[in-house]
Amino acid sequence: MAYLVSSPFTLQSIKPDQLSSPSQKHYFLHSFVPRKINQTSLKSSLKVKCAAIGNGLFTQTTQEVRRIVPENNQNLPTVKIVYVVLEAQYQSSLTAAVQALNKSSKDASYEVVGYLVEELRDASTYKTFCKDLEDANIFIGSLIFVEELALKVKTAVEKERDRLDAVLVFPSMPEVMRLNKLGSFSMSQLGQSKSPFFQLFKKKKQGAGFADSMLKLVRTLPKVLKYLPSDKAQDARLYILSLQFWLGGSPDNLQNFLKMISGSYVPALKGKTIAYSDPVLFLDSGIWHPLAPCMYEDAKEYLNWYGTRRDANEKLKDPNAPVIGLVLQRSHIVTGDESHYVAVIMELEARGAKVIPIFAGGLDFSGPVERYLIDPVTKKPMVNSVISLTGFALVGGPARQDHPRAIEALSKLDVPYIVALPLVFQTTEEWLNSTLGLHPIQVALQVALPELDGGMEPIVFAGRDPRTGKSHALHKRVEQLCTRAIRWGELKRKSKTEKKLAITVFSFPPDKGNVGTAAYLNVFSSIFSVLKELERDGYNVEGLPETSEALIEDILHDKEAQFSSPNLNIAYKMGVREYQSLTSYATALEENWGKPPGNLNSDGENLLVYGKQYGNVFIGVQPTFGYEGDPMRLLFSKSASPHHGFAAYYSFVEKIFKADAVLHFGTHGSLEFMPGKQVGMSDACYPDSLIGNIPNVYYYAANNPSEATIAKRRSYANTISYLTPPAENAGLYKGLKQLSELISSYQSLKDTGRGPQIVNSIISTARQCNLDKDVELPEEGEEISAKERDLVVGKVYSKIMEIESRLLPCGLHVIGEPPSAMEAVATLVNIAALDRPEDEISSLPSILAETVGRNMEDIYRESDKGILKDVELLRKITEASRGAVSAFVQKTTNKKGQVVDVADKLSSILGFGINEPWVDYLSSTKFYQADREKLRTLFRFLGDCLKLIVADNELGSLKQALEGKYVEPGPGGDPIRNPKVLPTGKNIHALDPQSIPTTAAMQSAKVVVDRLIERQKADNGGKYPETVALVLWGTDNIKTYGESLAQVLWMIGVMPVADTFGRVNRVELVSLEELGRPRIDVVVNCSGVFRDLFINQMNLLDRAVKMVAELDEPADQNFVRKHALEQAEALGVDIREAATRIFSNASGSYSSNINLAVENSSWNDEKQLQDMYLSRKSFAFDCDAPGAGMAEKRKVFEMALSTAEATFQNLDSSEISLTDVSHYFDSDPTNLVQNLRKDKKKPNAYIADTTTANAQVRTLSETVRLDARTKLLNPKWYEGMMSAGYEGVREIEKRLTNTVGWSATSGQVDNWVYEEANSTFIQDEEMLNKLMSTNPNSFRKMLQTFLEANGRGYWETSQDNIEKLRQLYSEVEDKIEGIDR
């Protein structure tokens, strides 16, 4: 319980009357003097069952701690009050009010019981709640915004509403607000009536503005209503007064509130005059300090008082002291539940920082931020950084948010914005015991939503007492929060020449050829360009080499790890004693790694830090996980702690080099994936210990918002997005090009006698290109009819068109070098290919198809079937799209190929007199009649996109972050689907996890699922698949707004239902009639990242599957039920447990580790890989006990997988395909399922490809072939990579290794893929020498991979080839070792 031990504060002598808080004065000391009461409360609270047992829910407290039954000795009438609130801050205030009433009241005695809305999830608690309502007089509800719980409250209260004397509901969901009744006043018509009160609820954007206008109304209405005679007006007036009392929150206000309501509406008290005073009103917004005599409405007045404080220490009087702004919730201040706020204020002041703590009563803090934290004259911020202690989004709290308004206010303020969290739905102990960390609802409301405002560092700074419900500071966390806020603020105050920056690069897998790995990024050229820019800007980077090549040489010790230097440059040797004194958690690592220094990053005596320092910039190499080379460690179901070398690296950066900030360079390192709670870490979590107090800036690929979010939440990173390289069409080469020429001549000559002859050449060339696996080809010389000839040619044509038009990122991105306009053409063509109905933009292909009287969907369908004329039409549409977009781009660029002001150019183009370039281009094609208006709308949108693609913001944002300014947030994802991802250089965020799946995603999902089932039936003798095993990825679901999540729901036959705020928290059944097929069973493997980001959606899926398993439906129509019944019997468990289908890793662990084993060649056989998968992926989520976290259920997992007839994954963006990253094969269970099945039949493996408007479901082997043809074997791709030098060679080697990964997990890689790769890279002498000299380490790994593929039986080839590979291997070995023979 170290958390509750207080830090040593020195208390200045303060007279009690200097306290401004409305709470009783003795509460004041509790925040930072060890509490006496804590000893007893801890003992009693230890009886509270911890999360893994009990009811399995997060919230274990019960209503009994909030129940007061009066000792009614004078036989007074009893008034019973039941209340339900979101947070516990009203508990102590209401309890105090009722106790005071019972002591003093002559008219009635008061019984009260309160519930936290989260407690109502528990069935027995809900039952007690309904029972309590049966004899209650008054019901009060406030801030009920979680739909499933709101509906529970509504159902229970509705039953009793007519009987209750009064129902008062303060801001909540409309369904609950409609329960209000006070005499003749009611809200049952909520949203229909004409009165101003109801108009508020009708506003579409019911966010913060709503709460503010409600407050204004609350201020003025009682005065107006007082003079209206009717009862109705008086009842309305009392409702508004009630709201004022409630928002006033102090025990006095609540006492008068209860007197007023019971005196006016409880029949037993009719005829008695119960006197009450008017509400004591506190400011709606202002500045509050626990030692100030009053609340301030003016920052100047507050600062004047601050300057005259007698108790302030010397540091605080320094005019140059840092100033930190705090954002507080008014309800905590007025209810006297503010000890956690006081602790933060005192901690900051003890560390020499001044504070300006502002508060607001509504849900909109943007106004107060602008009013009190920005100097009205100079418009400059009066603070260096801001911490919001509310946990909520800046505008809108738990209701509707207005992120653009928040971003506008925070951009004006322009300082780092930290959003810290008080525990809301858990007590301190429940949180400490939870492996998940924060409650999922709190993650959705208080972590995900503030990120959309640009908030960072979700540090839990306050806990909650289970007995009193009051918040208390967690002192270790408060210290860290305050230190980090001051450190971010320091970045604004320090001069550039003094500032120290530690740039951290990654090396994965650990090999010298891999130093500086990052997705799509040329790391060293980027670092070079960043350092050059910082040097121009005044940073000290003394001794920086002249070129990026020389920089690589410095860090790797010698040019591209070439000769006689097996080691990296050592920047620092840390002795064991020094390491232990600098690293407080060093002993915790010994359980996994033994005593330091260990054998990783060490020379046996010291721990080694690799890297190189230039002036005030250190470039260091992050150590790796450390268990890559040890196959036994890879089998552990939970991940190991960081090793000593890893910890030493971060201790060096923070305490010896003394970095002001660390810049993690590229996607992605290992720090944020270290074990610990998923979100809301404690100081025992490794990412938290490692990053310590260093501000963390992180360059992250814009298309990977999910892992960027993990970096934000677990390593407190300010993530800055970078662009992926510009995409190009794969094009055709060698035999494929020849095929395309043959097809053209067939089309012009097919009706002459030469038709059959050309078809024979097409067939034999297609065979040479190994297309016979993808297209059924007749035997050569076989007689076929003209119609069949067309069909064969059509199918081959369709296949090569698919290859030709595939998008691939070419080369690697360099930070600060945006693509030129012409490089952006392929991306724009693909942006133009999607319909965007929400913006009323038609896609270019569909506009062109309409011109010839066709529907684009039909053309896609027929072309896929190989209908020759439609394949040709599709090609013409594709060409016309490319031509029109190129013509447009040429017109908007200058001679150097830079985009000039698109707006001016466009207005001249869209004005009169000039023909629009796209119309000009189309006039010479068959699409000359295309709809001008639709084209104009589309090209206006493309003009905006073009500007964003070529904008250069990545260096600018980095400089802002390093100067302690606010980096504007923006979504991550696929720029083609969502151009709002651009321009890059934004602080990446994901999305509101409760907003998916969207209706559009559900539509797309239906199409894919129907195609998958169709395809599986065709390959499986017309039978439906009984079970599909599939994978859910975090990034994919962010990019597609939940398409793969929706696919799972549609397979089992349910639909998501959104609430009034558009949040999805429940599902409803689709009847078997409407579904038109059986419900298909699923086994869902969620990636560790998906589990962290979308725990609510895992809950939704688990509820849905269990609901379907319990349906009374025939087994042949409901495979979920069929299998669950069989498994329940076999395992002797109930049907709900047997229907467990939602699996992932243990909390805090990621991936099945198959990728690590493959990348390091550290595995014996496929069985070992399958064991890894089972041991690491068999942790289940249980909606009946969501608080228990992930529980191991290996038997159920194996049984469920053994029924799978198909495995399935999604590809959703052109940048990442199957062999680009190791994640895909790491999660592929194809061979594993075959081993688990009783009949040992291999399941069919499918990949859905939604990267283009024409969604496809292909087999895994088709997709692997497509991938090999468009990337690994495609000259356009590998030459693009080779041009990036050292890093490009590594990218080629990585694709080859990932191909072996697919052989290992699925056996779906054709022999010719390896054969062709060997002739491309090894048989070609020129290529061979280039690879060897550019990056010998990666080239050695490539040779090893070829030999391994052969040795493991995945590639059969001639003995000569193998001999040559062996010989080359020993040559390269010698070269690297520096032996010149």
Side-chain angles (χ1 to χ4, degrees), residues 727-750 755 757-778 780 784 788-808 810 826 829-830 833 845 859-883 1211 1214 1217-1218 1247 1249 1251-1259 1261-1278 1310 1312-1313 1316-1317 1320:
E728 288 184 41
N729 296 105
L732 297 173
Y733 52 93
K734 298 183 188 158
L736 296 170
K737 200 166 181 180
Q738 208 180 329
L739 260 179
S740 143
E741 287 155 7
L742 283 169
I743 290 170
S744 312
S745 51
Y746 173 75
Q747 285 182 296
S748 53
L749 300 172
K750 66 176 184 179
Q757 193 185 340
I758 300 174
V759 172
N760 280 340
S761 310
I762 290 177
I763 292 170
S764 67
T765 313
R767 278 222 163 77
Q768 283 160 13
C769 297
N770 300 296
L771 284 176
D772 50 338
K773 302 273 195 310
D774 302 276
V775 179
E776 269 187 61
L777 298 173
E780 268 173 75
I784 52 175
E788 287 171 49
R789 281 201 298 268
D790 274 7
L791 196 59
V792 170
V793 174
K795 284 187 172 160
V796 173
Y797 195 3
S798 169
K799 199 74 211 165
I800 61 173
M801 284 291 300
E802 177 178 79
I803 296 168
E804 190 279 333
S805 60
R806 191 108 176 133
L807 271 197
L808 38 115
C810 272
V829 170
N830 278 275
I859 298 176
Y860 285 140
R861 282 298 117 299
E862 298 300 296
S863 164
D864 290 347
K865 289 181 193 155
I867 307 299
L868 189 57
K869 64 176 189 5
D870 285 319
V871 182
E872 180 60 15
L873 178 58
L874 179 57
R875 189 184 63 96
K876 287 195 166 133
I877 289 177
T878 310
E879 276 175 11
S881 301
R882 289 178 193 169
L1211 288 180
S1214 54
S1217 193
L1218 291 187
I1247 303 286
D1249 177 346
T1251 56
T1252 62
N1254 181 14
Q1256 299 277 357
V1257 173
R1258 302 189 182 92
T1259 63
S1261 54
E1262 282 168 353
T1263 314
V1264 171
R1265 288 194 289 271
L1266 180 62
D1267 227 35
R1269 286 181 177 122
T1270 50
K1271 293 212 169 118
L1272 188 63
L1273 307 174
N1274 182 356
K1276 194 176 201 175
W1277 181 82
Y1278 60 71
D1310 298 319
W1312 67 263
V1313 173
E1316 292 278 310
T1320 305

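- Defined by atom type and a distance below 3.5 Å, a donor-acceptor pair is missing between the side-chain atoms of N1254 and T1252.
- Across all non-hydrogen atoms, the minimal contact from L868 to Y746 is CD2-CE2, 4.0 Å.
- Here the closest non-hydrogen pair linking W1312 and L1273 is CZ3-CD1, 3.8 Å.
- A distance of 10.0 Å separates CG in L749 from CD in Q757, rounded to the nearest 0.5 Å.
- Under the 4.5 Å side-chain criterion, counting only non-hydrogen atoms from C-beta, T1251 is in contact with R806.
- We find the CG-CH2 distance between L1272 and W1277 to be 6.0 Å, quoted to the nearest 0.5 Å.
- N1274 approaches A730 most closely through the heavy-atom pair ND2-O, 3.0 Å.
- For the pair L874 and Y860, the minimum side-chain heavy-atom distance is below 4.5 Å.
- Taking the salt bridge (charged side-chain N to carboxylate O under 4.0 Å, His left out) definition, one finds that R1265 meets it with D774, D1310, sequence neighbours left out.
- Taking the charged nitrogens against the carboxylate oxygens, K865 and E862 do have a contact shorter than 4.0 Å, which makes a salt bridge.
- Panel note: side chain K795, backbone L777; no donor-acceptor pair is recorded below 3.5 Å.
- One distance of note links OG of S805 with CZ of R882; it measures 6.0 Å at 0.5 Å rounding.
- One distance of note links CD1 of I758 with OG1 of T765; it measures 11.5 Å at 0.5 Å rounding.
- Between R875 and E872 there is a salt bridge, since a side-chain N of the basic residue sits under 4.0 Å from a carboxylate O of the acidic one.
- You'll find the side chain of V793 stays beyond 4.5 Å of the side chain of Q747, heavy atoms only.
- Two residues are said to be in side-chain contact when any heavy atoms from C-beta on lie closer than 4.5 Å; Q1256 and E1262 fail this criterion.
- No side-chain N or O of D790 forms a donor-acceptor pair with one of Y797 less than 3.5 Å apart.
- Nearest heavy-atom pair across S798 and D864 is OG-CA, 4.3 Å.
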*asked:* L1211 vs T1263, test: side-chain contact (heavy atoms from CB on, under 4.5 Å). Steps then yes/no.
replied: CA-CA 10 Å; L1211 288 180; T1263 314; 3.9 Å; yes

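- Minimum interatomic distance between I762 and L739 (heavy atoms only, all atoms of both residues): O-CD2, 3.6 Å.
- With hydrogens and angles ignored, the 3.5 Å screen pairs no side-chain donor or acceptor of D870 with any backbone N or O of S863.
- Interatomic distance, S761 OG to Q738 CD, rounded to the nearest 0.5 Å: 9.0 Å.
- Nearest approach of I800 to L732, heavy atoms of both residues: O-CD2, 3.7 Å.
- Counting heavy-atom neighbours within 6.0 Å of K737 NZ, excluding the residue itself, gives a total of 12 or less.
- Salt-bridge annotation for E802 and K799: present, with a side-chain N of the basic residue lying under 4.0 Å from a carboxylate O of the acidic one.
- S1261 contributes atom OG, which lies 11.5 Å from atom CG of L1266 (distance to the nearest 0.5 angstrom).
- Side-chain N or O atoms of S740 include none that pairs as donor or acceptor with a backbone N or O of L736 at under 3.5 Å.
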